[in-house]
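Following: one structure in structure tokens, then a few remarks.
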Amino acid sequence: MKNFWKYAACMMAAVLMTAACSKDNESSSSGGSTTPPALQIPSSSTPVRYEATQDGGKIDFVELPANGTYIIGLRASYDVKMRGMIAASVVEGKSTPQENNVYQLDGFGTVQVKTTEAGDGYLLAVTPQGGSTEEVPVTLKKATLLDGESKKLCATWNLAIIRLQMRILTKRFDKEYTEDQLGDMQTDVVAFLKDAIPDAIQSSLPPIENLIDIQSLVAGGGLYHRYTMTSLGTLVLESAYETKAGTWRWADSNKKSIEATLPYGDSFSAGISYRGEQLCLQPQIDALEQMMSQFGAIASLAFSWELDLYCDKAK
């Protein structure tokens with residue numbers, strides 16, 4: 001009898017092992033393997049942004065918006081010959097896709113999109129003109145800002161008109177200028193303030209000419225003459241003095257304002273509206289806020305101001 005039960009136990013164990021092996025085989029053959037599939041390289045018709053994952057390299061990101069252009073963010077770096085730091089910068093231009101996932105970037109060089117040998121990550125082989133190739137581990141980011149308001153905003157916009165409105169008591173100022181007319185704006189604003197502020201209050205203020213400096217405002221990065229927003233969340237700001245890139249997002253659910261993060265802890269935010277085909281930006285300019293705050297003595301005069309930047313879409 002004991003032998004019978006031993007035999008029965010062995011048979012049961014054999015059946016259970018066979019069933020387990022069969023289940024494993026079924027799981028493997030039906031795609032139940034834990035090995036992830038190899039990554040696929042996006043086609044040239046897919047807007048993508050590749051972001052570097054390691055510190056120390058020159059490349060911060062490479063964006064290929066699928067519209068025949070490119071944007072590259074370069075990190076701050078130390079120049080041995082100049083013995084000094086080179087600030088973070090941006091390179092933009094025309095992009096032409098070639099074979100083997102290579103992109104010819106006019107004014108920069110080439111970029112080839114690759115995957116790691118294991119197929120579990122992306123690499124960029126970046127070759128600047130006249131330079132050596134650098135392989136950069138990156139992560140892939142696809143376009144997410146694809147709603148109607150985002151598509152309307154995502155473009156390159158050139159500053160056309162600067163409109164400044166002010167009010168002191170019953171007197172109003174409302175004029176439009178081009179970027180080349182900032183000197184005229186300076187003269188007009190000073191004249192308006194001298195006329196609108198009562199003499200008794202002006203006598204308690206420093207000279208108006210010393211409080212308003214439009215040219216310094218522009219030189220300090222308060223105004224830009226070119227704005228680029230992309231569906232991948234990239235923002236590029238260009239002035240006569242610098243070009244810098246950051247990332248932007250909608251600041252409110254109604255999509256009436258944006259906010260952006262820029263290098264070195266800087267930020268950018270602006271209200272969004274339209275005048276016909278023109279984009280209207282109402283930027284928050286800290287330097288201008290500080291400038292206007294010096295007129296605290298005239299707060300009781302119902303002093304208010306508004307700056308609007310009207311931009312044309314680049315063709």
Side-chain angles (χ1 to χ4, degrees), residues 49-53 55 58-63 65 71-77 85-92 139 141 143-145 147 149-159 162-165 179 182 212-274 278-294 304-311 314:
R49 172 176 161 129
Y50 296 97
E51 299 179 343
T53 59
D55 297 330
K58 294 181 179 180
I59 301 296
D60 183 26
F61 71 89
V62 175
E63 182 165 328
I71 304 172
I72 293 181
L74 299 175
R75 293 171 173 165
S77 60
M85 290 298 294
I86 300 176
S89 60
V90 183
V91 184
E92 299 176 86
T139 56
K141 179 180 179 181
T144 57
L145 296 160
D147 59 276
E149 286 301 314
S150 297
K151 288 181 178 179
K152 187 175 182 180
L153 178 64
C154 288
T156 295
W157 302 88
N158 296 321
L159 178 61
I162 304 167
R163 181 185 181 186
L164 179 62
Q165 301 175 72
E179 192 174 5
L182 292 175
I212 297 292
D213 189 348
I214 303 296
Q215 294 290 352
S216 294
L217 169 67
V218 175
L223 296 174
Y224 300 92
H225 60 238
R226 191 173 175 90
Y227 302 80
T228 299
M229 277 76 70
T230 78
S231 61
L232 291 137
T234 299
L235 169 71
V236 180
L237 302 173
E238 299 178 49
S239 72
Y241 308 94
E242 63 179 345
T243 300
K244 52 188 176 182
T247 55
W248 74 274
R249 67 181 184 89
W250 290 109
D252 63 296
S253 58
N254 295 323
K255 296 182 172 56
K256 297 297 183 183
S257 61
I258 64 170
E259 57 186 16
T261 301
L262 300 167
Y264 311 118
D266 291 340
S267 60
F268 175 82
S269 59
I272 300 293
S273 61
Y274 296 89
Q278 287 185 316
L279 169 67
C280 177
L281 295 172
Q282 294 179 318
Q284 179 180 331
I285 302 177
D286 292 339
L288 185 56
E289 294 276 3
Q290 294 169 7
M291 191 182 298
M292 293 301 184
S293 70
Q294 298 180 76
S304 64
W305 64 274
E306 180 178 315
L307 184 72
D308 297 319
L309 307 179
Y310 294 100
C311 306

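Atom set for the values below is all heavy atoms of this structure, side chains included, hydrogens, waters and symmetry mates excluded.
- For the atom pair Leu279 CG and Cys311 SG, the distance stands at 5.0 Å (nearest 0.5 Å).
- Closest approach of Trp157 to Gln278, counting heavy atoms only: CZ3-C, 4.5 Å.
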| message | For Ile72 and Val90: C-alpha separation, side-chain torsions, deciding distance, then whether side-chain contact (heavy atoms from CB on, under 4.5 Å) applies. | response | CA-CA 6 Å; Ile72 293 181; Val90 183; over 6 Å; no
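- The minimum heavy-atom distance between Thr230 and Cys154, with the atom names listed, is C-SG, 3.3 Å.
- Atom NZ of Lys255 and atom NZ of Lys152 lie 13.5 Å apart (nearest 0.5 Å).
- Side-chain atoms of Lys141 do not come within 3.5 Å of backbone N or O of Glu51 as any donor-acceptor pair.
- Within the model, atoms OG of Ser231 and CZ of Arg49 stand 11.5 Å from one another, a figure rounded to the nearest 0.5 Å.
- In this structure, Thr247 has no side chain to side chain donor-acceptor pair (under 3.5 Å) partners at least two apart in sequence or on a different chain.
- Here Phe61 contributes atom CZ and Thr234 contributes atom OG1; the two are 5.0 Å apart, rounded to the nearest 0.5 Å.
- At least one donor-acceptor pair closer than 3.5 Å links the side chain of Asp252 to the backbone N or O of Ser257.
- Nearest heavy atoms, Ala240 versus His225: N-CE1, 3.3 Å.
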| message | Could you walk me through whether Leu159 and Leu281 satisfy the side-chain contact (heavy atoms from CB on, under 4.5 Å) test, starting with their C-alpha distance in whole Å, then the side-chain angles of each, then the deciding distance to 0.1 Å, before giving a yes or no? | response | CA-CA 10 Å; Leu159 178 61; Leu281 295 172; over 6 Å; no
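- To the nearest 0.5 Å, atom CG of residue Leu153 and atom CE of residue Met229 are 4.0 Å apart.
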| task | Evaluate the side-chain contact (heavy atoms from CB on, under 4.5 Å) criterion for residues Lys244 and Asp266: first the C-alpha distance (whole Å), next the side-chain angles of each, then the deciding distance (0.1 Å), finally the verdict. | result | CA-CA 10 Å; Lys244 52 188 176 182; Asp266 291 340; 3.6 Å; yes
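- Glu259 is linked by a salt bridge (charged side-chain N to carboxylate O under 4.0 Å, His left out) to Arg249, counting only residues two or more places apart in sequence or in another chain.
- When every heavy atom of Leu235 is checked against every heavy atom of Ala260, the shortest pair comes out as CD2-CB, 3.4 Å.
- Among residues two or more places apart in sequence or in another chain, the ring pair (Phe, Tyr, Trp, His ring centres under 6.0 Å) test is passed with Trp250 by Trp248.
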| said: Pair Lys256, Ile272 - check side-chain contact (heavy atoms from CB on, under 4.5 Å), show working. | reply: CA-CA 5 Å; Lys256 297 297 183 183; Ile272 300 293; 5.7 Å; no
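- Taking the six-membered ring where the residue is Trp, Phe268 and Tyr224 present perpendicular rings, their angle passing 60° and hence far from 30°.
- In this structure, the side chains of Arg226 and Thr243 stay at 4.5 Å or more apart for every pair of heavy atoms.
- Summarising the geometry, atom OG1 belonging to Thr228 is positioned 10.0 Å from atom CD belonging to Glu63; distances are rounded to the nearest 0.5 Å.
- Considering only heavy atoms from C-beta on, Val236 stays 4.5 Å or farther from Thr156 through its side chain.
- The two residues Pro283 and Leu309 have their closest heavy-atom pair at CG-CD1, 3.6 Å.
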